[in-house]
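All values below were derived from every heavy atom in this structure, side-chain atoms included, with hydrogens, water molecules and symmetry-related copies excluded. Residues: numbered from 1 along the sequence shown.
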Amino acid sequence: KLYFEPLTFEDVMNIYENEQPLGVIVQMGGQTPLNLAVPLQQAGVPILGTSSESIDIAEDRKRCAALLNQLGIRQPESGTATSIEEALEVARRIGFPVMIRPSYVLGGRAMMVAYNQDELVPCTYAAFNASPGHPVLIDRYLDRAIEVDVDVVCDGTEVYIGGVQQHVEQAGVHSGDSACCTPPHSLDPELIRQIEADCRRMALALNVKGLMNVQLAVKGRDVYVLEINPRASRTVPYLSKATGVPLAKWAARIAVGQTLKQIMAGHQTVKPTWMAVKEVVLPFNRFLPFVRFLGADIVLSPEMKSTGEVMGLDSCFELAYWKAQIAAGQMLPDHGAVFLSARDADKDWIVEVGAELARLGFELIATGGTARALEAHGLAPHVIGKLSDPQGETVLDRMHAGRVQMIVNTPSGPVSRVDEIRIRSEAILRSIPIVTTESGARATVACIRYMRTHDWDVHALQDYFPVNET
């Protein structure tokens, strides 16, 4: 039976009392049902799969940190604060930049990165307002780290690695808003083996019975655990499609007593020789009045903005990424003009991206500061005026005339300027591809370069792996 009811304790208890089931599985519906595990168990409802005690260890910051220390697995330095003064003290202790996260919120609401004390104070106020009465969590932000998602299925004795997924956007962008690739397209195989081994140890230490998701960051040769979720993540359907393994069904069978050995005896698995890229679908073209007139911004951040996802599958990362962009409604150009605009901290890599675009024959457009950085490295951008400058041509003029084919624009700070928001919202209105992160820009340019000399075609999922039970 299917019930359309809110995920509250009272409604779940009403259904439980009406149906009298064997028990309840809480790990398939995200964070909300996971938070119901302890109240339901206290009300006498059997929790199938991972126990409420194991869930609490993973969810409680201090208990989880103690477990990781016991296992010898790295995690970023962190602390909690109940006041601005405490937040400043934690940030000074662990060092800037820091990630600020309110407790008990969904979708990364009010999560922000602060690079200095001036940014920390308003970010912390916003976090307190998002979750009144609860402490704010402060982690050391691993700048320019590669984020990784891992989904595993465990029966308490054995662990199956559903997939290791390398994010395209750097750590700090919400995992639900980042494109990702499985298998990882640029990680060292030795690091991948270490990540898989660490995830096995965590699943067994938590006595997971079903699904578990781990979010990690790779900084150089070091791997850090950012978060452990003893539940299905949003990437489970994507991974199941990409590998042909019905992860949710396996987890449900484990929850009612089957073992991985029993389940896998009737299933033929294949080690992927292809790449699967998940790309997010963003809703900005549906809510453009909010973007243009109410100050909402489209920049990817720790706060989740996407409302869906698509997938591209092919023999290499570039082809799979190209397909994923098309599926998400973003056609990457193979010629034309690219507008480049970056804050000072991003000037080094924007020059490298600009140089590659120039080699591919694109015209570079930039305003004063970015143009000077490009010119200092031998590039010749077409210089245009800022929106605040009434004299001369602006990027909005060029977009109105159809003379901008792509935009690479990074935010100037945690709160974007009004002219940045106008540029990005105009790009959405005119379906101009826009990239707001370094890693996204590099992946996009690599994809455009590769597609200059390669073609692509379409295959059914069944062409990639054997047809198993549905």
Side-chain angles (χ1 to χ4, degrees), residues 27-28 30 146-155 158-169 171 174-204 206 208 210-218 223 225-254 260 263-264 267-280 309-317 319-321 323-324 327 443 461-466 468-469:
Q27 59 182 256
M28 300 293 187
I146 297 171
E147 192 159 340
V148 175
D149 254 274
V150 184
D151 288 300
V152 308
V153 183
C154 179
D155 63 6
E158 295 186 44
V159 179
Y160 176 81
I161 304 292
V164 179
Q165 304 143 83
Q166 178 182 348
H167 289 209
V168 172
E169 275 71 37
H174 193 284
S175 60
D177 279 356
S178 179
C180 65
C181 181
T182 190
H185 64 280
S186 67
L187 284 184
D188 187 295
E190 184 180 331
L191 278 175
I192 296 172
R193 286 191 290 271
Q194 179 188 337
I195 288 168
E196 292 178 340
D198 286 349
C199 289
R200 284 193 176 91
R201 293 165 59 208
M202 285 182 271
L204 293 174
L206 285 168
V208 168
L211 282 158
M212 182 184 80
N213 167 262
V214 185
Q215 295 175 18
L216 311 101
V218 177
V223 177
V225 172
L226 303 178
E227 195 172 330
I228 303 174
N229 298 302
R231 57 171 170 82
S233 73
R234 66 181 59 82
T235 52
V236 163
Y238 150 68
L239 265 184
S240 296
K241 280 283 194 298
T243 63
V245 176
L247 298 172
K249 174 175 275 192
W250 286 17
R253 289 183 168 182
I254 288 170
L260 268 174
I263 295 168
M264 295 180 70
H267 191 98
Q268 183 181 357
T269 58
V270 176
K271 185 176 182 180
T273 57
W274 56 87
M275 294 282 183
V277 172
K278 181 207 82 172
E279 182 56 282
V280 301
E309 56 190 30
V310 294
M311 182 175 75
L313 210 67
D314 216 302
S315 57
C316 66
F317 171 75
L319 284 167
Y321 188 78
K323 287 183 176 181
L461 283 175
Q462 291 84 349
D463 296 334
Y464 288 93
F465 41 72
N468 290 286
E469 58 179 335

Next item on the list: Can you measure from CG (Leu187) to CD (Gln194) and round to the nearest 0.5 angstrom?
Entry: 11.0 Å

Notebook entry, point to check: Under 3.5 Å, is there a donor-acceptor pair between the side chain of Gln27 and the main chain of Leu211?
Noted result: yes

Note to self: Distance alone, cut at 3.5 Å: any donor-acceptor contact between the side chains of Thr235 and Asp151?
What the structure shows: yes

Note to self: Looking at every non-hydrogen atom in both residues, tell me the closest pair between Gly162 and Leu247 and how far apart they are.
What the structure shows: CA-CD2, 4.1 Å

Note to self: Nearest 0.5 angstrom please: Leu216 CG to Ile146 CD1, how far?
What the structure shows: 12.0 Å

Margin query: What I'd like to find out is whether the side chain of Met212 reaches to under 4.5 Å of the side chain of Ile228, using heavy atoms alone.
Written below: yes

Note to self: Tell me whether Lys278 contacts the main-chain N or O of Cys180 through its side chain, where contact means a donor paired with an acceptor under 3.5 Å.
What the structure shows: no

Next item on the list: Kindly say whether Gly244 contributes a backbone atom to a donor-acceptor pair with the side chain of Tyr464 at under 3.5 angstrom?
Entry: no

Next item on the list: Measure from the side-chain N and O atoms of Glu227 to the backbone N and O of Gln215, and report whether any donor-acceptor pair falls under 3.5 Å.
Entry: no

Next item on the list: Begin with the C-alpha distance, continue with both residues' side-chain angles, and end with the deciding distance and a verdict on side chain to side chain contact (heavy atoms under 4.5 Å, CB included) for Leu239 and Val245.
Entry: CA-CA 8 Å; Leu239 265 184; Val245 176; over 6 Å; no

Item checked: Nearest atoms (heavy-atom pairs only) where Ile192 meets Pro184 -> CD1-CG, 3.8 Å

Notebook entry, point to check: What are the two closest non-hydrogen atoms of Cys181 and Met275, and how far apart are they?
Noted result: SG-SD, 3.5 Å

Note to self: For Trp274, is there any backbone N or O sitting under 3.5 Å from a side-chain donor or acceptor partner on Ser315?
What the structure shows: no

Check: Where the side chain of Asn229 meets the backbone of Arg231, is there a donor-acceptor pair that is under 3.5 Å apart?
Finding: no

Check: For Leu260 and Cys154, which heavy atoms make the closest approach, and how far apart are they?
Finding: CD1-CA, 4.4 Å

Notebook entry, point to check: Hey, are the side chains of Met264 and Val153 touching, using non-hydrogen atoms and a 4.5 Å cut-off?
Noted result: no

Next item on the list: Mind running side chain to side chain contact (heavy atoms under 4.5 Å, CB included) on Val214 and Val152 for me, showing each step along the way?
Entry: CA-CA 8 Å; Val214 185; Val152 308; 5.9 Å; no

Checklist line | pair Asp198-Val150: side-chain heavy atoms closer than 4.5 Å | finding: no

Check: Does the side chain of Arg200 come within less than 4.5 Å of Ile161's, by heavy atoms?
Finding: yes

Note to self: Any non-hydrogen side-chain atom of Gln165 less than 4.5 Å from a side-chain atom of Tyr238?
What the structure shows: yes

Next item on the list: Please list, chain by chain and in numerical order, all residues satisfying salt bridge (charged side-chain N to carboxylate O under 4.0 Å, His left out) with Glu158, sequence neighbours excluded.
Entry: Lys261

Notebook entry, point to check: To the nearest 0.5 Å, how far apart are OG in Ser240 and CG in Leu461?
Noted result: 11.5 Å

Check: Got a donor-acceptor contact below 3.5 angstrom from the Glu279 side chain to the Ala324 backbone?
Finding: no

Item checked: Nearest heavy atoms of Ala276 and Met311, plus distance in Å -> CB-SD, 4.1 Å

Checklist line | Side chains of Pro237 and Lys241 in contact at under 4.5 Å (non-hydrogen atoms) | finding: no

